[in-house]
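Since the structure is predicted, the reported quantities are computational estimates derived from the model, not experimental observations. Excluded from the calculations below are hydrogen atoms, water molecules and symmetry mates; all remaining heavy atoms, backbone and side chain alike, are included. Along the sequence shown, residues are numbered consecutively beginning with 1.
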Amino acid sequence: MSCLIFLPALFNILSVSRLTVEKKVPVLYEMYYYLKLFGSFISSTSGVHYERMGYTAIGLFAIVSLFTYTGKNRGGYRLLRNAFIVMICFISIPYIGSLFNGTGYPTNRFIFGLTFLVSFIVVIMIPKFYDMSDKQIKSVFLISCLFGIYIFMFHTMRTKRNLGSMICLCILLSCCMAYKLEIFKYKKRLLSLIMVFVMLVLNAHFSFSPLEEEKLINNYLDKDSAAQIMLEKSPALAVQELEKNNERYDTNVASAYYQNAAVLKQQKGVSLYYSTCNQNVGKITTAIALNNTTDYNLYNLDGRTYLEALFGAKYYVTDAGSNTKVPYGYHALVKSQNGYQVYASDYDMGMVFTSKEYISLSVYNALTISQKQQALLQGIVLEKNNGLKTADLQFDDQNKQYQFVNQNGVSFQKNKFEVTSKNASIELEFQGSQESEYYVTFNNIHFDGKRVASLYNEEELNNKSYVEMKTIKESMLYNKPSVGRRTAELNGTQKGISVLSKEAVNYAGKSDFLMNLGYYDQAVNKIKLTFSETGTYTFDNLSVVCQPMSSFERDMKKKEKHIVKDISFGTNTMDMNVNESDDSMLFVAIPYNKGWSATVNGKKVEVQKADDTCMAVKVPKGASKVHWTYTNSYFVMGAGISGVAWIGFFAFAVYERRKRKYKNTSISS
């Protein structure tokens, strides 16, 4: 009955690249996870892998009572005991967490299942708290002692919330013992209600009070502020009145608040945050080594001049207080608003254009990163040539020879950086070029993090204070760092990327990165690399590339002649009028999706994958009208299934109603 919305969502999720990337799932979680699991069970302690439970001391009390219960109908509770054991095994095994997360990274978001089970057990066992056997009381007392030892043994567990839970456990045990010894005989229901209320308030206090250590409430926005930030303060507002011919805009404002602002403002931006976005978005960002580590979270195009031109970003918005350089060609400051500055490109960018030059997929895949972005402005990458001329590709990117200087906390060996302290740095010295964009590229880079404890020998540890030594040693309880942040700096311009190991939650299979450090009229000669985490960074190749902009001007003059401006957008439709002197391919800088179909002058044509990620159709010589339509076939299929199911449901309901009515009539007669 829900297939109308279920099928489209299901097949979209199954197609995203997040599920196809090979992740390294450990056999067991880190030791810290299992240590914290106990505390997470009876307090509002935040979970390591989404196992936040916070059932209060009553939850633990009920579980112990269930397993030690010797009264009537003991066998009837076997199913609850077995179910609890199974769920505990589930949250203890990473492979189960990965399976329930669509074979992605291991996480316990299915914790609501355990929560429902524990809630049911609490309801069943609370009435039995007040007639507990000696065995049950001893068991609860033993668990309380173990919990106390657990809290005081590990420095990281010695928190106010865990101490509060320990006190609640002792009070609960004392009340049950006092009731059993008939020291007092208050009403059971009232006593239970008071205990539940007090423990819920305690958990809520430690989770949401701004006075406490976690301050969970700080993770949330005030009422209505999200809409206000998105609709009244985003960079999208600064370009709203400038857009005329369906131009896109890009921005260097790297804030998650604004990533989907273009959608709400019905504009055309390049940033997005959508967990199940089109997998071809990830393919293009991987192919051109854009410095974002995930496929579903894109801030911008890194200010790379070639990419801004390819995807039709006519405007570039910067934070007025930022020192990030604008891409080459964005000379005109056309607007200042709300702390933003809007620059317009000197070139006619265009997100839809035609081309008569063909690049084979095999040739494209063999190019270097900097060559690929140049090639994309000289022709269209297609699986077949469609009768087009093969592009005569020309490249002028310059790989610079460099040497390492000023090493601070980092050493370089063959294709490897050994980082021994946080925020270590090293500089690359080279001879730069004039009127060029400067890139630092890494091919097949990987990160193997090191725990803090591995950086100290026994003598160094002994010179630390007790608290410092305890903290350092307890780092062995955690997983090794799985994310290494690397920053490149040139003349005050900084760009950073996160290098993820296969154990990292957001690992997306990306290992090639290009960091654009901006355009410079005069030659510069030194780049500083900074590493946030200790560990080993290995790579196949590290390059410093200067990209002269003379070739960009040449390619843009050629592209501008073929930009399509007569475009109109409707609901799931696009219409374009094209007039070409020869047979050409019409390129649209929108990610390829099987749901798109197209007609040229009323005749259906094949929608082809262009540049291995976008869309293109062949248009003949002369004037052509191209109509695009998007249809989600799974929506149609789901609607059919839902329709049949609903008809069947109502037919069955009518049948049952008539059956009962006939039965009642027969009894009456």
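The two residues D319 and N252 come nearest to each other via the heavy atoms N-OD1, 3.4 Å. What you find for M87 and L117 is that their closest heavy atoms are CG-CD2, 4.1 Å. Of all heavy-atom pairs spanning E418 and T536, the tightest one is OE1-OG1, 3.0 Å. Residue P591 comes nearest to N280 through the heavy atom pair CB-CB, 4.2 Å, listed as atom of the first residue, atom of the second, then distance. The two atoms that bring A236 and A261 nearest to each other are CB-CB, 4.1 Å, heavy atoms only. Between I121 and L66, the shortest heavy-atom contact is CD1-CD2, 3.8 Å.
With hydrogens and angles disregarded, no donor-acceptor distance shorter than 3.5 Å links the side chain of N291 to the backbone of I497. A donor-acceptor pair under 3.5 Å links the side-chain atoms of K495 to the main chain of D302, judged by distance alone. At least one donor-acceptor pair closer than 3.5 Å links the side chain of S119 to the backbone N or O of T115. Using a distance-only test at 3.5 Å, with no hydrogens or angles considered, a donor-acceptor pair links the side chain of Y34 to the main chain of S92. Remark: the backbone N or O of F635 is paired with a side-chain donor or acceptor of N632 at under 3.5 angstrom. Looking only at distances, a side-chain donor or acceptor of N260 sits under 3.5 Å from a matching main-chain atom of Y273. Formation of a donor-acceptor pair under 3.5 Å by the T251 side chain with backbone atoms of V253 is found in this model. One N or O on the side chain of D512 and one on the backbone of N444 form a donor-acceptor pair closer than 3.5 Å. Proximity of a side-chain donor or acceptor of E51 to a complementary backbone N or O of I111 within less than 3.5 Å is not detected. At least one donor-acceptor pair closer than 3.5 Å links the side chain of D250 to the backbone N or O of L301.
At a threshold of 4.5 Å between non-hydrogen side-chain atoms, the residues N300 and S271 do not count as touching. Two residues are said to be in side-chain contact when any heavy atoms from C-beta on lie closer than 4.5 Å; V118 and V122 meet this criterion. Within the 4.5 Å cutoff, the side chain of Y55 has heavy atoms near those of the L114 side chain. Between H49 and E30, some side-chain heavy-atom pair lies under the 4.5 Å cut-off. No side-chain heavy atom of Y274 sits less than 4.5 Å from a side-chain heavy atom of Q259. Residues T420 and T534 are not in side-chain contact: their nearest non-hydrogen atoms beyond the backbone lie 4.5 Å or more apart. Contact check for N423 versus F531: no side-chain heavy atoms found under the 4.5 Å cut-off. Annotation: side chain of T631 is not in contact with side chain of N572 (no heavy-atom distance under 4.5 Å).
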Donor-acceptor pairs under 3.5 angstrom involving side-chain atoms of residues 638-645: please list them, not counting sequence neighbours.
| unit_1 | atom_1 | unit_2 | atom_2 | d |
| --- | --- | --- | --- | --- |
| S642 | OG | M1 | O | 3.1 |
| S642 | OG | C3 | N | 3.1 |
| S642 | OG | L4 | N | 2.7 |
| S642 | OG | G638 | O | 3.1 |

| query | Would T613 and K283 satisfy side-chain hydrogen bond (donor to acceptor under 3.5 Å, both in side chains), going step by step from the backbone distance to the final call? | reply | CA-CA 6 Å; T613 55; K283 291 189 70 174; over 6 Å; no
| Candidate pair S633 and K594, rule side-chain hydrogen bond (donor to acceptor under 3.5 Å, both in side chains), full reasoning | CA-CA 9 Å; S633 58; K594 292 181 179 179; over 6 Å; no
| field | Stepwise side-chain contact (heavy atoms from CB on, under 4.5 Å) test for W646 and F650 | value | CA-CA 6 Å; W646 278 98; F650 283 116; 3.5 Å; yes
| Trace of the ring-ring contact (aromatic ring centres under 6.0 Å, His included) decision for F442 with F513 | CA-CA 5 Å; F442 282 87; F513 298 99; 8.5 Å; no
| field | Pair Y33-N108, side-chain hydrogen bond (donor to acceptor under 3.5 Å, both in side chains): steps then yes or no | value | CA-CA 12 Å; Y33 170 82; N108 297 306; 2.9 Å; yes
| message | Please determine whether side-chain contact (heavy atoms from CB on, under 4.5 Å) holds for the pair M125 and I63, giving the CA-CA distance in whole Å, both sets of side-chain angles, and the decisive distance to 0.1 Å. | response | CA-CA 8 Å; M125 300 307 299; I63 296 300; over 6 Å; no
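Note that OG1 of T56 and CG of L202 are 9.5 Å apart. Values are rounded to the nearest 0.5 Å.
Taking a 6.0 Å sphere around CD1 of I85, one finds it holds more than 12 heavy atoms contributed by other residues, nucleotides or ligands. Atom OH of Y50 has 12 or fewer neighbouring heavy atoms from other residues, nucleotides or ligands inside a 6.0 Å radius. Within a 6.0 Å sphere centred on CZ of F120, heavy atoms belonging to other residues, nucleotides or ligands number 12 at most.
Aromatic ring centroids of Y537 and H446 lie 6.0 Å or more apart. Centroid-to-centroid, the aromatic rings of F67 and Y77 stay 6.0 Å apart or farther.
Using the six-membered ring where Trp is involved, F100 and F90 have ring planes that are perpendicular, over 60° apart on the 30 and 60° scheme.
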